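Inspection log for the structure reproduced underneath, given as structure tokens.
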Number of protein chains: 2
Amino acid sequence: MPTATPVLGLRERNRLRRTRRVERAALALALEYGVDDVTVDMICEASDISPRTYFNYFGTKEGALIGPAPSAPDEVLIEEFVQARGSIVEDLMLLIARGFFATEPDRDVFAMRRELYTKEPSLQALQVTRMADKRQATAALVRRRLADQFPDMPETEASDEAQLVMSVAMGAFPVISRLWIEQSGDEAEVETYIHAAIARIRRIVTP
Amino acid sequence: MPTATPVLGLRERNRLRRTRRVERAALALALEYGVDDVTVDMICEASDISPRTYFNYFGTKEGALIGPAPSAPDEVLIEEFVQARGSIVEDLMLLIARGFFATEPDRDVFAMRRELYTKEPSLQALQVTRMADKRQATAALVRRRLADQFPDMPETEASDEAQLVMSVAMGAFPVISRLWIEQSGDEAEVETYIHAAIARIRRIVTP
DNA sequence: TCAATTCTTGCAGTTACTGCACTTTTGCGT
DNA sequence: ACGCAAAAGTGCAGTAACTGCAAGAATTGA
């Protein structure tokens, strides 16, 4: 029986294998010695790869630890988001969460990453930093939705509101993903967690 | 007429003067060339200080750009926060904002910082990273308040809720401070901005 | 004015990261 | 099966952020 996924060339397979090998090594070292006491050279020696190639793959020392950035959502999902009419923050979180699932990680790597994240919360800050790069793109999405939903809202107000929507969503995201990762890790349930979190936010901003 | 503030020793005055001189130089350079194209050596040459001392003062290259971390709130303010009964996120933001004002910045430096922040939003991410260091301390405060307000709330739920409160507050903070900095910069008004932002958050998490 | 303390600085070293040129590997047409 | 073009891996040299240490300078308090 042929695989459902398109057959990958030797090139891709090598790249995947290598990526996993390096991620595993990096995570194991970071778990043993702590992120700050691990050097790129150590990772490279443990995973038999040259430092130059390491940076080609991951860009930064922490790249292998925090995992790939969530992929950009495709047009269909975006359109769905623009036309949805739930809480805008909730809808945005669902959109981001789906992008996160587009890149299915290795089982071991996933578990190690979970352990490391709880051990060194500073890595969460790095996630946020990386997300920050996508701020503008995401803000544009939110503005599209606002324009669609409230055609009469003045430009500047929409811009401010978009910023706020994004900030709240990105601020709460680490908490939600931590909860979800610690408790189940099952894709289906992420929507439940998001929904519960939104309800909670509603409560804590109400006197 | 003697000054109201306690007289500073020569040591303190030198340190203050130096700090301002370096901050000014760093900001001017960053505004002219962009943060990434400025080196610590350039800043040191422009402000006539040794690189070693620069790091003693500011710790990181960006330290002189983003300004001092908000000082830890004193016991009185903390007690006030624990016993307040407004929206918990709003009360927390007010607490943080007051800590921010405890260190009064130089007028010029303030203006340059404002300009740089709008020019290079990546600096905001740095602020967040630095705030992340204080996450635990802040979370403890929030938990104190929750324990005071809801004595029956179970441990784990309180912990999750504290995380969420902090994340939302810290997420929204950059937006608010940007609005406030761009429009007035007057201390009195910051409460108004915070209040308005909270109202807005309430709206965007409601379907 | 002198001794104790604190601060600044130079130096040497480590580590993250980058551009460039060179070799190896892979994909593919014949 | 073979060889060529494209892509990927690697070594090297260099830059820049940051740190510990110890010596020298400034400040303080008696």
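Since the structure is predicted, the reported quantities are computational estimates derived from the model, not experimental observations. Chain letters run A, B, ... following the sequence lines, proteins first and then strands; every chain starts at 1.
- B:Asp41 is linked by a side-chain hydrogen bond (donor to acceptor under 3.5 Å, both in side chains) to nothing, counting only residues two or more places apart in sequence or in another chain.
- For B:Tyr54, the ring pair (Phe, Tyr, Trp, His ring centres under 6.0 Å) partners at least two apart in sequence or on another chain are B:Phe58.
- The side-chain heavy atoms of B:Met42 and B:Thr39, taken from C-beta on, include a pair separated by under 4.5 Å.
- Side chains of A:Arg203 and B:Glu161 form a contact here, defined as non-hydrogen atoms less than 4.5 Å apart.
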For the pair A:Arg52 and A:Asn56, evaluate side chain to side chain donor-acceptor pair (under 3.5 Å) and give the outcome as yes or no after the intermediate values.
-> CA-CA 6 Å; A:Arg52 194 60 187 83; A:Asn56 281 344; 2.9 Å; yes

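- At least one donor-acceptor pair under 3.5 Å links the side chain of A:Lys134 to the backbone N or O of A:Pro70.
- In terms of modelled atom types and a separation under 3.5 Å, the side chain of A:Thr53 and the main chain of A:Ile49 share no donor-acceptor contact.
- Residue whose closest nucleotide on DNA chain D sits further toward the 5' end, between A:Arg15 and B:Asp41: A:Arg15.
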Could you list the protein-to-nucleotides 3-5 of chain D atom pairs, N/O on both sides, closer than 3.5 Å?
none

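- Annotation: proximity of residues 46-55 of chain B to DNA chain D (heavy atom, distance under 4.0 Å) is found for B:Arg52, B:Phe55, numbered in ascending order.
- In this entry the distance linking CG of B:Asn56 with P of D:dC21 reads 13 Å, nearest Å.
- Rounding to the nearest 0.5 angstrom, the gap separating the OG1 atom in B:Thr156 from the CG atom in A:Leu179 is 9.5 Å.
- A:Glu120 contributes a side-chain N or O that, together with a main-chain N or O of A:Val35, makes up a donor-acceptor pair within less than 3.5 Å.
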Below 3.5 Å, can you tabulate the donor-acceptor pairs from side chains in residues 72-83 of chain B to any protein atom, sequence neighbours excluded?
residue, atom, partner, partner atom, Å
B:Asp74, OD1, B:Val76, N, 3.2
B:Asp74, OD1, B:Leu77, N, 3.1
B:Glu79, OE1, B:Arg144, NH2, 2.9
B:Glu79, OE2, B:Gln83, NE2, 3.2

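- A salt bridge is absent between B:Arg130 and B:Glu62: the closest approach of a Lys/Arg side-chain nitrogen to an acidic carboxylate oxygen does not fall below 4.0 angstrom.
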Shorter than 3.5 Å, N or O on both sides, protein versus nucleotides 28-30 of chain D: list them out with atom names.
residue, atom, partner, partner atom, Å
D:dT28, OP1, B:Leu10, N, 2.8
D:dT28, OP1, B:Arg11, N, 3.0

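- Between the CD atom in A:Glu189 and the OG1 atom in A:Thr192 there is a gap of 6.0 Å [rounded to 0.5 Å].
- Ion pairing between a basic and an acidic side chain is recognised when a charged N comes within 4.0 Å of a carboxylate O; A:Arg200 and B:Glu157 show such pairing.
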Side-chain donor-acceptor contacts of residues 163-175 of chain A below 3.5 Å, not counting sequence neighbours, with atom names and distances?
residue, atom, partner, partner atom, Å
A:Ser167, OG, A:Arg135, NH2, 3.0
A:Ser167, OG, A:Gln163, O, 2.9

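- In summary, A:Asp48 and A:Arg21 do not engage in a salt bridge, as defined by a charged side-chain N under 4.0 Å from a carboxylate O.
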So what's the dot-bracket for DNA chain D: Watson-Crick or G-U pairs under 3.5 Å, [ ] if a pair crosses, | if it pairs off-strand?
-> ||||||||||||||||||||||||||||||

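- Classification of A:Asp106 and A:Arg24 as a salt-bridged pair holds, one side-chain N sitting under 4.0 Å from a carboxylate O.
- Contacts with DNA chain D (heavy atom under 4.0 Å) in residues 17-35 of chain B: none are found.
- By the side-chain hydrogen bond (donor to acceptor under 3.5 Å, both in side chains) test, A:Arg113 is found to be paired with A:Glu23, residues two or more places apart in sequence or in another chain being considered.
- Chain A approaches DNA chain C within less than 4.0 angstrom (heavy atoms of the protein), and the contacting nucleotides run 5' to 3' from C:dT15 to C:dG27.
- Contacts of A:Asn14 with the nucleic acid, taken as non-hydrogen atoms under 4.0 Å apart, involve only primed sugar atoms and P, OP1 or OP2.
- By the 4.0 Å N-to-carboxylate-O rule, B:Arg145 lies close enough to B:Asp91 to be salt-bridged with it.
- A:Thr129 places no side-chain N or O within donor-acceptor distance of the main-chain N or O of B:Ala125, the cut-off being under 3.5 Å.
- A donor-acceptor contact shorter than 3.5 Å is absent between the side chain of A:Lys119 and the backbone of A:Ala30.
- Near DNA chain C, meaning a heavy atom under 4.0 Å from it, residues 57-64 of chain B has B:Tyr57 in order of number.
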